[in-house]
Amino acid sequence: MNDDQTYRTLQERQQKEWEATCGRCGACCGVIEGDPCEHLAGTEKGKYFCRIYENRFGLHKTMNGKPFLCVPIRDILHKSWPGDECCGYKRKLKVL
Ligand code: SF4
Ligand code: SF4
């Protein structure tokens, strides 16, 4: 494996680890507030997922029609939102 391939493999592994840090609680998508993003979906196991995950960033609406911006989780880790005590990223980076 050359240096480029090694770097790409490492990046992919880090990306997977980062994604796996999310506990799929749905809190950052408004589920605890009771007016979640219209693109949020629940599973039978009580977890949540984004129906448009690959295209999630940008302007969206809540179920009640309130507009908001979906941004990368890195950009909001310094902020608070209802239910954020369960956020895997906040726990991992100790920003609770
Ligand atoms: S678009 Fe953003 S806020 Fe809406 S469900 Fe997807 S990740 Fe959550
Ligand atoms: S609050 Fe954190 S753990 Fe919960 S869905 Fe959002 S990013 Fe994932």
Exercise for the section: Return each pair, listed once, that meets salt bridge (Lys or Arg N to Asp or Glu O under 4.0 Å) where at least one residue sits in residues 69-93; pairs must be two or more places apart or across chains. Expected result: Asp84-Lys90
Practice task
Search all heavy atoms of Leu40 against all heavy atoms of Gly26 and return the closest pair with its distance.
Solution key: CD2-O, 4.2 Å
Problem - Value rounded to 0.5 Å, distance of CD in Glu33 from SG in Cys28 - result: 10.5 Å
Exercise for the section: List, by chain and number, the other hydrophobic cluster members for Phe57, where Ile, Leu, Val, Met, Phe, Trp and Tyr join if side-chain heavy atoms come within less than 4.5 Å, directly or indirectly. Expected result: none
Handout entry: Remaining members of hydrophobic cluster (4.5 Å side-chain criterion), Leu77
Key = Trp18, Leu59, Leu69, Val71, Ile73, Ile76, Trp81, Tyr89, Leu93, Val95
Fill in the blank from the handout: Quick note, salt bridge (Lys or Arg N to Asp or Glu O under 4.0 Å) partners involving residues 41-68, not counting sequence neighbours, are none
Problem - salt bridge (Lys or Arg N to Asp or Glu O under 4.0 Å) contacts touching residues 3-28 (sequence neighbours left out) - result: none
Handout entry: For the student: nearest non-hydrogen atoms of Ala27 and Ile32, plus distance
Key = CB-CG1, 4.0 Å
Practice task
Please answer whether the main-chain N or O of Asp35 pairs with a side-chain N or O of Asn64 as donor and acceptor at a distance below 3.5 Å.
Solution key: no
Practice task
Of all the heavy-atom pairs spanning Glu38 and Met63, show the shortest one and how long it is.
Solution key: CA-SD, 3.6 Å
Practice task
Hey, could you give me each pair passing ring-ring contact (aromatic ring centres under 6.0 Å, His included) that has a residue in residues 20-54? Not counting sequence neighbours.
Solution key: His39-His60
Practice task
Look at atom CZ of Phe68 and say whether more than 12 heavy atoms of other residues, nucleotides or ligands are closer to it than 6.0 Å.
Solution key: yes
